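Shown next, in C-alpha coordinates, is the structure this report addresses.
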Amino acid sequence: MNRIAVVAAQTTEAQAALADLQQRYGTATPDAADVIVALGGDGFMLRTLHRYLRHGVPVYGMKLGTVGFLMNQYRPESLPERIARAQPAPLRPLTMEAQTEAGGTVSALAFNEVSLLRQTKQAAHVRVDLNGATKVPELICDGVLVATAAGSTAYNLSAHGPILPFGSAMLALTPISPFRPRRWRGAILPATVDVRFEILDPYKRPVSATADSNEVRDVVDVRIRESSEQTMTLLFDPEHNLEERILDEQFTF
(Lines give C-alpha, C1' and ligand atoms only; values in the text may rest on other atoms or scores of the structure.)
Protein backbone atom coordinates (compact mmCIF):
# COMPACT_ATOMS: atom_id res chain seq x y z
CA MET A 1 0.00 0.00 0.00
CA ASN A 2 1.18 3.52 -0.73
CA ARG A 3 2.36 5.51 2.27
CA ILE A 4 -0.33 8.16 2.74
CA ALA A 5 0.07 11.58 4.32
CA VAL A 6 -3.23 13.26 5.15
CA VAL A 7 -3.51 17.05 5.45
CA ALA A 8 -6.69 18.98 6.15
CA ALA A 9 -8.20 22.45 6.25
CA GLN A 10 -8.91 23.94 9.66
CA THR A 11 -12.67 23.45 9.44
CA THR A 12 -14.45 21.20 11.93
CA GLU A 13 -15.59 18.83 9.17
CA ALA A 14 -12.14 18.50 7.61
CA GLN A 15 -10.42 17.98 10.97
CA ALA A 16 -12.90 15.25 11.91
CA ALA A 17 -12.26 13.51 8.59
CA LEU A 18 -8.52 13.83 9.16
CA ALA A 19 -8.78 11.99 12.48
CA ASP A 20 -10.97 9.30 10.92
CA LEU A 21 -8.60 8.63 8.00
CA GLN A 22 -5.57 8.54 10.28
CA GLN A 23 -7.30 5.96 12.45
CA ARG A 24 -8.29 3.85 9.42
CA TYR A 25 -5.07 3.97 7.43
CA GLY A 26 -2.38 5.38 9.68
CA THR A 27 -0.42 8.34 8.42
CA ALA A 28 3.01 9.19 7.07
CA THR A 29 4.69 12.57 7.10
CA PRO A 30 4.69 14.39 3.75
CA ASP A 31 8.47 13.90 3.58
CA ALA A 32 8.06 10.11 3.73
CA ALA A 33 4.78 9.70 1.83
CA ASP A 34 4.07 8.29 -1.62
CA VAL A 35 0.89 10.35 -1.92
CA ILE A 36 -0.65 13.29 -0.06
CA VAL A 37 -4.40 13.29 0.60
CA ALA A 38 -5.81 16.81 0.96
CA LEU A 39 -9.15 17.36 2.70
CA GLY A 40 -10.91 20.67 2.05
CA GLY A 41 -11.89 22.86 -0.87
CA ASP A 42 -10.09 24.26 -3.88
CA GLY A 43 -8.46 27.03 -1.85
CA PHE A 44 -6.92 24.49 0.49
CA MET A 45 -5.85 22.37 -2.49
CA LEU A 46 -3.96 25.32 -3.97
CA ARG A 47 -2.23 25.95 -0.65
CA THR A 48 -1.32 22.25 -0.49
CA LEU A 49 0.18 22.33 -3.99
CA HIS A 50 2.33 25.32 -3.09
CA ARG A 51 3.37 23.98 0.31
CA TYR A 52 4.41 20.52 -0.88
CA LEU A 53 5.72 21.33 -4.34
CA ARG A 54 9.28 20.48 -3.34
CA HIS A 55 8.24 17.00 -2.19
CA GLY A 56 7.40 15.91 -5.72
CA VAL A 57 4.62 13.47 -4.70
CA PRO A 58 1.10 13.38 -6.17
CA VAL A 59 -1.87 14.89 -4.36
CA TYR A 60 -5.29 13.26 -4.10
CA GLY A 61 -7.95 15.67 -2.89
CA MET A 62 -11.33 14.97 -1.32
CA LYS A 63 -13.95 17.68 -1.12
CA LEU A 64 -14.78 18.97 2.33
CA GLY A 65 -15.14 22.65 1.43
CA THR A 66 -17.30 25.11 -0.48
CA VAL A 67 -15.77 24.65 -3.94
CA GLY A 68 -14.23 21.35 -4.99
CA PHE A 69 -13.41 21.53 -8.69
CA LEU A 70 -9.92 20.15 -8.01
CA MET A 71 -11.17 17.53 -5.56
CA ASN A 72 -12.68 14.04 -5.60
CA GLN A 73 -15.79 13.13 -3.67
CA TYR A 74 -15.22 12.47 0.00
CA ARG A 75 -15.57 8.79 0.83
CA PRO A 76 -13.39 7.35 3.58
CA GLU A 77 -13.89 3.73 2.52
CA SER A 78 -11.38 1.92 0.28
CA LEU A 79 -9.09 4.95 0.02
CA PRO A 80 -5.92 3.00 -0.92
CA GLU A 81 -7.80 1.24 -3.74
CA ARG A 82 -9.18 4.54 -5.04
CA ILE A 83 -5.70 6.06 -5.02
CA ALA A 84 -4.31 3.02 -6.89
CA ARG A 85 -6.97 3.46 -9.62
CA ALA A 86 -6.70 7.24 -9.81
CA GLN A 87 -5.65 8.96 -13.03
CA PRO A 88 -2.78 11.49 -12.93
CA ALA A 89 -3.24 15.09 -14.07
CA PRO A 90 0.12 16.88 -14.24
CA LEU A 91 -0.01 20.61 -13.52
CA ARG A 92 2.71 23.00 -14.66
CA PRO A 93 2.47 26.33 -12.84
CA LEU A 94 3.08 29.85 -14.10
CA THR A 95 6.09 31.76 -12.86
CA MET A 96 5.61 35.44 -12.05
CA GLU A 97 8.35 37.99 -11.66
CA ALA A 98 6.99 41.30 -10.44
CA GLN A 99 9.07 44.46 -10.15
CA THR A 100 7.75 46.91 -7.59
CA GLU A 101 7.75 50.69 -7.50
CA ALA A 102 10.32 50.50 -4.69
CA GLY A 103 12.74 48.64 -6.96
CA GLY A 104 12.36 45.14 -5.54
CA THR A 105 11.58 41.98 -7.47
CA VAL A 106 9.20 39.30 -6.21
CA SER A 107 8.98 35.82 -7.75
CA ALA A 108 6.00 33.51 -7.23
CA LEU A 109 4.24 30.51 -8.75
CA ALA A 110 0.59 30.18 -9.76
CA PHE A 111 -1.28 26.97 -10.55
CA ASN A 112 -4.50 28.84 -11.40
CA GLU A 113 -3.68 32.35 -12.57
CA VAL A 114 -1.64 35.50 -12.24
CA SER A 115 -3.94 38.52 -12.02
CA LEU A 116 -3.31 42.26 -12.02
CA LEU A 117 -5.85 44.55 -10.35
CA ARG A 118 -6.17 48.30 -9.88
CA GLN A 119 -5.56 49.38 -6.28
CA THR A 120 -7.63 52.58 -6.29
CA LYS A 121 -10.65 54.10 -8.00
CA GLN A 122 -8.43 54.94 -10.98
CA ALA A 123 -8.53 52.45 -13.87
CA ALA A 124 -5.27 50.65 -14.60
CA HIS A 125 -3.34 51.48 -17.77
CA VAL A 126 -1.30 48.47 -18.90
CA ARG A 127 0.88 47.73 -21.91
CA VAL A 128 0.76 44.07 -23.01
CA ASP A 129 3.83 42.51 -24.65
CA LEU A 130 4.17 38.94 -25.93
CA ASN A 131 7.67 37.59 -26.59
CA GLY A 132 9.01 41.13 -26.60
CA ALA A 133 6.49 42.53 -29.10
CA THR A 134 3.79 44.99 -28.02
CA LYS A 135 0.31 43.62 -28.77
CA VAL A 136 -1.83 46.08 -26.77
CA PRO A 137 -0.14 49.50 -26.41
CA GLU A 138 -2.56 50.68 -23.73
CA LEU A 139 -5.16 48.50 -22.05
CA ILE A 140 -7.46 50.57 -19.82
CA CYS A 141 -9.15 48.20 -17.40
CA ASP A 142 -9.83 47.09 -13.85
CA GLY A 143 -7.18 44.43 -14.40
CA VAL A 144 -5.90 41.60 -16.56
CA LEU A 145 -4.98 37.98 -15.92
CA VAL A 146 -3.16 34.98 -17.36
CA ALA A 147 -4.71 31.60 -16.51
CA THR A 148 -3.63 28.00 -16.94
CA ALA A 149 -6.01 25.38 -18.33
CA ALA A 150 -6.66 24.09 -14.80
CA GLY A 151 -7.36 27.66 -13.66
CA SER A 152 -9.39 28.69 -16.68
CA THR A 153 -12.65 27.66 -14.96
CA ALA A 154 -11.93 29.84 -11.91
CA TYR A 155 -11.39 33.64 -11.89
CA ASN A 156 -10.75 33.57 -15.64
CA LEU A 157 -14.22 32.20 -16.34
CA SER A 158 -15.81 34.78 -14.02
CA ALA A 159 -14.04 37.47 -16.08
CA HIS A 160 -15.61 35.98 -19.25
CA GLY A 161 -12.39 34.31 -20.35
CA PRO A 162 -12.32 31.06 -22.35
CA ILE A 163 -12.33 27.58 -20.84
CA LEU A 164 -9.18 25.76 -21.99
CA PRO A 165 -9.12 21.98 -22.46
CA PHE A 166 -6.78 20.29 -20.01
CA GLY A 167 -3.54 19.28 -21.71
CA SER A 168 -4.00 21.83 -24.50
CA ALA A 169 -0.69 23.59 -23.70
CA MET A 170 -2.54 26.91 -23.90
CA LEU A 171 -2.95 29.92 -21.61
CA ALA A 172 -5.84 32.38 -21.39
CA LEU A 173 -5.04 36.10 -21.48
CA THR A 174 -8.18 37.86 -20.23
CA PRO A 175 -8.86 41.55 -19.48
CA ILE A 176 -10.99 42.38 -16.44
CA SER A 177 -13.69 44.98 -17.15
CA PRO A 178 -11.82 46.51 -20.12
CA PHE A 179 -12.73 50.06 -21.18
CA ARG A 180 -10.22 50.42 -24.05
CA PRO A 181 -9.79 48.81 -26.51
CA ARG A 182 -13.54 48.27 -26.44
CA ARG A 183 -13.67 45.23 -28.71
CA TRP A 184 -10.70 43.33 -27.29
CA ARG A 185 -11.78 40.43 -25.13
CA GLY A 186 -8.44 38.69 -24.66
CA ALA A 187 -6.51 35.94 -26.38
CA ILE A 188 -5.62 32.25 -26.21
CA LEU A 189 -1.84 31.86 -26.12
CA PRO A 190 0.63 29.01 -26.53
CA ALA A 191 1.96 27.97 -23.13
CA THR A 192 5.50 28.74 -24.35
CA VAL A 193 4.83 32.49 -24.72
CA ASP A 194 6.45 35.09 -22.46
CA VAL A 195 3.92 37.66 -21.25
CA ARG A 196 4.92 41.07 -19.96
CA PHE A 197 2.64 43.66 -18.38
CA GLU A 198 4.10 47.16 -18.05
CA ILE A 199 2.12 49.47 -15.78
CA LEU A 200 1.67 52.90 -17.32
CA ASP A 201 1.50 55.80 -14.85
CA PRO A 202 1.90 53.53 -11.78
CA TYR A 203 2.02 56.44 -9.30
CA LYS A 204 -1.39 57.83 -10.21
CA ARG A 205 -2.84 54.42 -11.14
CA PRO A 206 -1.25 51.82 -8.81
CA VAL A 207 -1.69 48.14 -9.57
CA SER A 208 -1.21 44.93 -7.58
CA ALA A 209 -0.26 41.50 -8.94
CA THR A 210 -1.43 38.22 -7.42
CA ALA A 211 -0.10 34.72 -8.17
CA ASP A 212 -2.84 32.45 -6.80
CA SER A 213 -2.98 33.93 -3.26
CA ASN A 214 0.43 35.64 -3.18
CA GLU A 215 -0.20 39.39 -3.64
CA VAL A 216 2.42 41.99 -4.52
CA ARG A 217 1.42 45.67 -4.22
CA ASP A 218 2.51 48.64 -6.33
CA VAL A 219 3.99 46.72 -9.26
CA VAL A 220 5.43 48.46 -12.31
CA ASP A 221 6.43 45.47 -14.45
CA VAL A 222 5.17 41.88 -14.36
CA ARG A 223 6.53 38.99 -16.44
CA ILE A 224 4.76 35.64 -16.70
CA ARG A 225 5.67 32.36 -18.34
CA GLU A 226 4.95 28.69 -17.83
CA SER A 227 7.50 27.02 -15.59
CA SER A 228 9.89 24.71 -17.42
CA GLU A 229 11.08 23.07 -14.19
CA GLN A 230 8.26 22.83 -11.64
CA THR A 231 5.34 20.41 -11.85
CA MET A 232 2.78 18.82 -9.54
CA THR A 233 0.48 15.87 -10.16
CA LEU A 234 -3.14 15.73 -9.05
CA LEU A 235 -4.93 12.37 -8.85
CA PHE A 236 -8.57 11.95 -9.87
CA ASP A 237 -11.04 9.09 -9.79
CA PRO A 238 -11.42 7.71 -13.35
CA GLU A 239 -15.15 8.44 -13.44
CA HIS A 240 -14.59 12.09 -12.55
CA ASN A 241 -11.24 13.13 -14.03
CA LEU A 242 -10.11 16.71 -14.53
CA GLU A 243 -10.21 16.62 -18.33
CA GLU A 244 -13.88 15.63 -18.31
CA ARG A 245 -14.71 18.22 -15.65
CA ILE A 246 -13.22 21.05 -17.68
CA LEU A 247 -15.01 19.82 -20.80
CA ASP A 248 -18.34 19.63 -18.95
CA GLU A 249 -17.92 23.22 -17.68
CA GLN A 250 -18.49 24.41 -21.25
CA PHE A 251 -22.01 22.96 -21.10
CA THR A 252 -22.97 24.24 -17.65
CA PHE A 253 -25.77 26.79 -17.78
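Computed from a prediction, not measured in an experiment: that's the story for all the values here.
- In this structure, the side chain of Asp212 engages the main chain of Phe111 through a donor-acceptor pair within 3.5 Å.
- A chain of hydrophobic side-chain contacts below 4.5 Å, direct or via other Ile, Leu, Val, Met, Phe, Trp or Tyr residues, connects Phe236 to Phe69.
- Judged purely by atom type and a 3.5 angstrom limit, Asp142 has no side-chain atom pairing as donor or acceptor with the backbone of Ser177.
- Side-chain contact between Pro190 and Leu171: absent, with no pair of heavy atoms (C-beta onward) separated by less than 4.5 Å.
- The shortest distance between side-chain heavy atoms of Val216 and Met96 falls below 4.5 Å.
- Taken from CG in Asp34 to CD1 in Ile4, the straight-line distance is 9.0 Å, to the nearest 0.5 Å.
- Not a single donor-acceptor pair under 3.5 Å links the side chain of Ser78 to the backbone N or O of Glu81.
- The existence of a salt bridge linking Asp194 and Arg196 is excluded, since no basic side-chain nitrogen approaches an acidic carboxylate oxygen closer than 4.0 Å.
- Leu234 is listed as a side-chain neighbour of Val59, based on a closest heavy-atom distance under 4.5 Å.
- Asp201 has its side chain out of reach of His125: every pair of non-hydrogen atoms, C-beta onward, lies at least 4.5 Å apart.
- In terms of modelled atom types and a separation under 3.5 Å, the side chain of Arg118 and the main chain of Thr120 share a donor-acceptor contact.
- In this structure, the side chains of Ile176 and Cys141 stay at 4.5 Å or more apart for every pair of heavy atoms.
- Between Leu91 and Ala150, the shortest heavy-atom contact is CD2-CB, 3.8 Å.
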Item to check | Criterion side-chain contact (heavy atoms from CB on, under 4.5 Å) on Tyr25 and Val6, from CA distance to verdict | outcome: CA-CA 10 Å; Tyr25 305 111; Val6 185; over 6 Å; no
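- By the 4.5 Å heavy-atom criterion applied to side chains, Ile224 and Glu113 are not counted as neighbours.
- One hydrophobic cluster, built from ILVMFWY side chains closer than 4.5 Å, holds both Val146 and Leu130.
- The 12-atom threshold is not exceeded at CZ of Arg51, counting heavy atoms of other residues, nucleotides or ligands nearer than 6.0 Å.
- Annotation for Pro30 and His55: closest pair O-CD2, 3.4 Å, computed over non-hydrogen atoms.
- Hydrophobic clustering, with ILVMFWY side chains joined whenever heavy atoms are under 4.5 angstrom apart, keeps Tyr155 apart from Val219.
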Item to check | Test log, rule side-chain contact (heavy atoms from CB on, under 4.5 Å), inputs Tyr52 and Val57 | outcome: CA-CA 8 Å; Tyr52 298 108; Val57 298; 5.8 Å; no
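- The distance from the CZ atom of Arg185 to the OG1 atom of Thr174 is 11.0 Å, given to the nearest 0.5 Å.
- Residue Glu138 holds its CD atom at 5.5 Å from CG of Leu200, rounded to the nearest 0.5 Å.
- Connection of Val193 to Val136 is established within a shared hydrophobic cluster, with ILVMFWY side chains joined at heavy-atom distances below 4.5 Å, either directly or through further cluster members.
- With rounding to the nearest 0.5 Å, the separation of OG1 in Thr210 from CG in Leu145 is 10.5 Å.
- Between Ser107 and Glu97, the shortest heavy-atom distance links the atoms OG-CG, 3.7 Å.
- Here the closest heavy-atom approach between residue Gly40 and residue Ala9 is recorded as CA-CB, 4.3 Å.
- Closest approach of Thr27 and Ala5 over heavy atoms only: OG1-CA, 4.1 Å.
- For the pair Thr100 (side chain) and Gly104 (backbone), a donor-acceptor distance under 3.5 Å is present.
- A salt bridge links Asp237 to Arg82: at least one charged side-chain nitrogen sits closer than 4.0 Å to a carboxylate oxygen.
- Judged purely by atom type and a 3.5 angstrom limit, Arg223 has no side-chain atom pairing as donor or acceptor with the backbone of Ala98.
- When every heavy atom of Ala14 is checked against every heavy atom of Leu64, the shortest pair comes out as CA-CD1, 4.0 Å.
- No side-chain heavy atom of Asp218 sits under 4.5 Å from any side-chain heavy atom of Ser208.
- Heavy-atom neighbours of Gln73 CD from other residues, nucleotides or ligands within 6.0 Å: at or below the threshold of 12.
- Other residues, nucleotides and ligands contribute at most 12 non-hydrogen atoms within 6.0 Å of the CD atom of Gln23.
- For the pair Thr148 (side chain) and Gly151 (backbone), a donor-acceptor distance under 3.5 Å is present.
- Annotation: the span from Ile140 atom CD1 to Arg205 atom CZ amounts to 7.0 Å, rounded to 0.5 Å.
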Checklist entry - Hey, mind stepping through Asp129 and Thr134 against side-chain hydrogen bond (donor to acceptor under 3.5 Å, both in side chains) and telling me if it holds? => result CA-CA 4 Å; Asp129 290 356; Thr134 297; 2.8 Å; yes
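- Using a 4.5 Å heavy-atom cutoff, the side chains of Thr95 and Leu109 are in contact.
- Counting only distance, with no hydrogens or angles, the side chain of Glu101 and the backbone of Tyr203 share no donor-acceptor pair below 3.5 Å.
- A distance-only check finds a donor-acceptor pair linking the side chain of Asp42 to the backbone of Leu70 [under 3.5 Å].
- Leu94 is not connected to Met232 by any chain of hydrophobic side-chain contacts under 4.5 Å among Ile, Leu, Val, Met, Phe, Trp and Tyr, and they are in different clusters.
- Summarising the geometry, atom CH2 belonging to Trp184 is positioned 11.5 Å from atom NZ belonging to Lys135; distances are rounded to the nearest 0.5 Å.
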Checklist entry - Could you go step by step and tell me if Leu53 and Leu49 meet the side-chain contact (heavy atoms from CB on, under 4.5 Å) rule? => result CA-CA 6 Å; Leu53 178 62; Leu49 293 175; over 6 Å; no
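- Atom CD of Glu77 has more than 12 heavy atoms from other residues, nucleotides or ligands within 6.0 Å.
- A distance-only check finds no donor-acceptor pair linking the side chain of Ser168 to the backbone of Leu164 [under 3.5 Å].
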Next on the checklist: For Leu39 and Val7: C-alpha separation, side-chain torsions, deciding distance, then whether side-chain contact (heavy atoms from CB on, under 4.5 Å) applies.
Outcome noted: CA-CA 6 Å; Leu39 307 174; Val7 297; over 6 Å; no
